[in-house]
Amino acid sequence: MHQVTPPKKVTAAKTLLQVSGIHLQEAGSWVLQDISFSQEKRQKIAIAGETGSGKSTLLQTIAGLVQPSSGEVRFAQKRVKGPQEHLIPGHPGIVYLSQQFELPRFLRVEQVLQYANKLGPGEAENLYEVCRITHLLPKRTEHLSGGERQRIALARLLLSGPQLLLLDEPFSNLDMVHKNILKAVIRDISESLQITCILISHDPQDTLAWADEILVMQAGKVIQRGTPEQIYRQPVNVYTAGLFGDYNLLPSTKAKVLTENPGIKEKEKNMLIRPESFKIVSAVGRGLAAKVKKVSFFGSYYLLEVALLGLTIKVKTEARDFKKGNIIFISVDPEAVWFI
Ligand SMILES: Nc1ncnc2c1ncn2[C@@H]1O[C@H](COP(=O)(O)OP(=O)(O)OP(=O)(O)O)[C@@H](O)[C@H]1O
């Protein structure tokens, strides 16, 4: 099996956020169930999960915008009060960038930001640089693109000087150019402004390379927590596996043929193999024969669908030599197999 780095131990002194036993019931059903985790200062946590799994509600609960039915959120060792305990919901140290952020219309960007500014001289200008919005300051808010509006909404939140930034699907609805700008902004918010972040995203490309730790949610529960490598290579179930990319699932009966490969032990469980873990080998006898049924081009790689052991298996390759109908020989590295 793969060697993966265990998540870092969180020590009390470094802990910024402590979420303990959060439950939330709405309209008779559980939206959040027994959620507990902690976050160190500057630790980057991503939350993944299907639509409706409770990700946004969890972030809103952390921000003090939703009252949990039970459990508590502690931020910098103090309990975060919910909206039923506060006249103005929220916590001054925590900001939440919603998917439905709003900006006042018919104002110049610099006016909008001026009203929100609680930072010292020079700090706001630095923040505008980090958010890549300095050139937008003289523009009017109704003359901005969606990506620009979002970076201004983000800067406006950060002008209050928070320690924790909660980002709810910030990359949805962005084209590749604006997405890459926002990725650089989020990296700099963490590195130069030293603000701790939690980020929700559907897209594994947004979270795997960024996060120190990923929480996977399903039906209001955290079902897996680990480093990006653990989550990707050792998913607890097919739900987690599917959130982070394509996979092949071979039933144990079929897997027996592949287990002839020295190094792969036969187990009763199904075998999960990512498409990039198959190797296409040249010689007969060094791999199993498979017939190419379909070739799809994805820019940096091709995805082959091949018939193997009566199943359709997905194989990723950078080579452009394969066509429908070809017979290829494939093998798998024992290190890349995960039993599920
Ligand atoms: N105030 C509420 N009353 C009733 N149901 C609610 C309330 N808030 C959330 N829910 C339900 O809880 C579930 C989780 O919603 P939530 O928006 O947190 O999920 P999500 O994982 O963020 O989904 P998405 O990715 O679509 O934003 C949904 O089924 C939602 O309808």
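Being a predicted model, the structure only gives us computed values, none of them experimental.
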Trainee: Which heavy atom of W338 sits nearest to which heavy atom of P235, and what is that distance?
Mentor: NE1-O, 2.8 Å
Trainee: Crowded around D246 CG? As in, over 12 foreign heavy atoms under 6.0 Å?
Mentor: yes
Trainee: Do the side chains of V306 and K314 get nearer than 4.5 Å, heavy atoms only?
Mentor: no
Trainee: Is the backbone N or O of I273 less than 3.5 Å from a side-chain atom of S277, with the two atoms forming a donor-acceptor pair by type?
Mentor: no
Trainee: Got more than 12 heavy atoms from elsewhere within 6.0 Å of CD, Q84?
Mentor: no
Trainee: L166 and A63: which non-hydrogen atoms are nearest, and at how many Å?
Mentor: CD1-CB, 3.7 Å
Trainee: Let me see the working for L154 and F101 under side chain to side chain contact (heavy atoms under 4.5 Å, CB included), right down to the final yes or no.
Mentor: CA-CA 9 Å; L154 177 58; F101 61 88; over 6 Å; no
Trainee: Are side-chain heavy atoms of L303 and V315 found at a separation under 4.5 Å?
Mentor: no
Trainee: Considering only heavy atoms from C-beta outward, does the side chain of T317 approach that of Y301 to under 4.5 Å?
Mentor: no
Trainee: Distance-only, no hydrogens or angles: does the H178 side chain make a donor-acceptor pair with backbone N or O of M176 under 3.5 Å?
Mentor: no
Trainee: What are the two closest non-hydrogen atoms of V295 and V292, and how far apart are they?
Mentor: CG2-CG1, 3.7 Å
Trainee: For the CG atom of L215 and the CD1 atom of I223, what is their distance to the nearest 0.5 Å?
Mentor: 11.0 Å
Trainee: Going by distance alone, is a donor N or O of one side chain under 3.5 Å from an acceptor N or O of the other, for S53 and Q218?
Mentor: no
Trainee: Looking at I35, V80, L164, which one forms a side-chain contact (heavy atoms from CB on, under 4.5 Å) with I62?
Mentor: L164
Trainee: What closest approach, in Å, do T57 and V66 show between heavy atoms, and which atom pair accounts for it?
Mentor: CG2-CG1, 4.4 Å
Trainee: State, with a plain yes or no, whether a side-chain heavy atom of I313 is found less than 4.5 Å away from one of E305.
Mentor: no
Trainee: Return the orientation label for the F297 and Y302 ring planes: parallel under 30°, perpendicular over 60°, tilted otherwise.
Mentor: tilted
Trainee: Just by distance, do the side chain of Q163 and the backbone of G93 share a donor-acceptor pair under 3.5 Å?
Mentor: no
Trainee: What is the distance from atom CD1 of I198 to atom CD of Q39, rounded to the nearest 0.5 Å?
Mentor: 4.0 Å
Trainee: Grouping I, L, V, M, F, W and Y whenever their side-chain heavy atoms are under 4.5 Å apart, do L17 and W210 come out in a common cluster?
Mentor: no
Trainee: I200, V185: one ILVMFWY side-chain cluster at the under-4.5 Å cut-off?
Mentor: no
Trainee: V222 vs F37, test: side chain to side chain contact (heavy atoms under 4.5 Å, CB included). Steps then yes/no.
Mentor: CA-CA 9 Å; V222 172; F37 69 93; 5.5 Å; no
Trainee: Any sub-3.5 Å donor-acceptor pair from Q224's side-chain atoms to Q234's backbone N or O?
Mentor: yes
Trainee: Less than 4.5 Å apart, side chain to side chain, heavy atoms only: is that true for L24 and E26?
Mentor: yes
Trainee: Atom CG in L65, atom NE2 in H86: separation rounded to 0.5 Å?
Mentor: 10.5 Å
Trainee: According to a hydrophobic-cluster definition based on side-chain heavy atoms being under 4.5 Å apart (Ile, Leu, Val, Met, Phe, Trp, Tyr only), do I340 and I214 belong together?
Mentor: no
Trainee: Out of curiosity, I152 CD1 to K139 NZ, how far, rounded to the nearest 0.5 Å?
Mentor: 9.0 Å
Trainee: Just wondering, more than 12 heavy atoms not from K316 lying within 6.0 Å of its NZ?
Mentor: yes
Trainee: Under a 3.5 Å distance rule, please check whether E125 uses its side chain to pair with a backbone N or O of G122 as donor and acceptor.
Mentor: yes
Trainee: Establish, from distance only, whether the side-chain atoms of K44 and S190 form a donor-acceptor pair under 3.5 Å.
Mentor: no
Trainee: Are E72 and R79 side-chain neighbours, meaning at least one heavy-atom pair lies under 4.5 Å?
Mentor: yes
Trainee: With a 4.0 Å cut-off on N to O distance, would you call R42 and D212 a salt bridge?
Mentor: no
Trainee: Under the side chain to side chain contact (heavy atoms under 4.5 Å, CB included) criterion, do D34 and H23 qualify, and how do the steps go?
Mentor: CA-CA 5 Å; D34 199 20; H23 287 81; 3.6 Å; yes
Trainee: Treat each ILVMFWY residue as a node, draw an edge where side-chain heavy atoms are under 4.5 Å apart, and state whether Y115 and L144 are in one component.
Mentor: yes
Trainee: Checking K269 against F339: charged group under 6.0 Å from the ring centre and within 45 degrees of the axis?
Mentor: no
Trainee: About how many Å separate CD of E40 and CD1 of I45, when rounded to the nearest 0.5 Å?
Mentor: 9.0 Å
Trainee: What verdict does the side chain to side chain contact (heavy atoms under 4.5 Å, CB included) test give for S36 and I22, after you've listed the backbone C-alpha separation in whole Å, the side-chain angles of each residue and the deciding distance to 0.1 Å?
Mentor: CA-CA 7 Å; S36 300; I22 292 287; over 6 Å; no
Trainee: For S331 versus V281, what's the shortest heavy-atom pair and its separation?
Mentor: OG-CG1, 3.9 Å
Trainee: So does E213 get a backbone contact from the side chain of T227, meaning a donor-acceptor N/O pair under 3.5 Å?
Mentor: no
Trainee: Could you tell me whether the side chain of D188 and the main chain of V130 form a donor-acceptor pair under 3.5 Å?
Mentor: no
Trainee: Quickly, which of I231, I47, N237 forms a side-chain contact (heavy atoms from CB on, under 4.5 Å) with V216? Name it, please.
Mentor: I231
Trainee: Do the non-hydrogen side-chain atoms of L250 and N270 ever get within less than 4.5 Å of each other?
Mentor: no
Trainee: Indicate yes or no for a side-chain donor-acceptor contact from R140 to the backbone of H143 under 3.5 Å, with no hydrogens or angles considered.
Mentor: no
Trainee: Does one side chain, of Y96 or Q60, offer a donor that lies under 3.5 Å from an acceptor on the other?
Mentor: yes
Trainee: In this structure, are over 12 heavy atoms from other groups packed under 6.0 Å from K183 atom NZ?
Mentor: yes
Trainee: Do D168 and S98 pair up side chain to side chain, a donor and an acceptor below 3.5 Å, judged on atom types alone?
Mentor: no
Trainee: Minimum heavy-atom separation for A46 and T207, please, with both atom names.
Mentor: CB-CG2, 3.5 Å
Trainee: Would you confirm whether Q150, through its side chain, and P170, through its main-chain N or O, come within 3.5 Å as a donor-acceptor pair?
Mentor: yes
Trainee: Just by modelled atom types, is the K323 backbone N or O under 3.5 Å from a matching donor or acceptor in the N326 side chain?
Mentor: yes
Trainee: Just verifying a value: how many Å separate L193 CG and L127 CG, rounded to the nearest 0.5 Å?
Mentor: 6.0 Å
Trainee: Could you check whether D203 pairs with K179 (Lys NZ or Arg NE/NH1/NH2 to Asp/Glu carboxylate O, under 4.0 Å)?
Mentor: yes
Trainee: Would you please say whether a donor-acceptor pair under 3.5 Å links the side chains of Q67 and E85?
Mentor: yes
Trainee: Would you check if I280 and L304 make a side-chain contact, meaning some heavy-atom pair closer than 4.5 Å?
Mentor: yes
Trainee: On the six-membered ring of Y232, is R274 placed so that its NZ or CZ lies under 6.0 angstrom from the centre and within 45° of the ring axis?
Mentor: yes
Trainee: Apply side chain to side chain donor-acceptor pair (under 3.5 Å) to the pair S69 and Q25, showing each step before the final yes or no.
Mentor: CA-CA 6 Å; S69 308; Q25 200 171 25; 5.5 Å; no
Trainee: Can you get from L309 to F278 by hopping between Ile, Leu, Val, Met, Phe, Trp and Tyr side chains that sit under 4.5 Å apart?
Mentor: yes
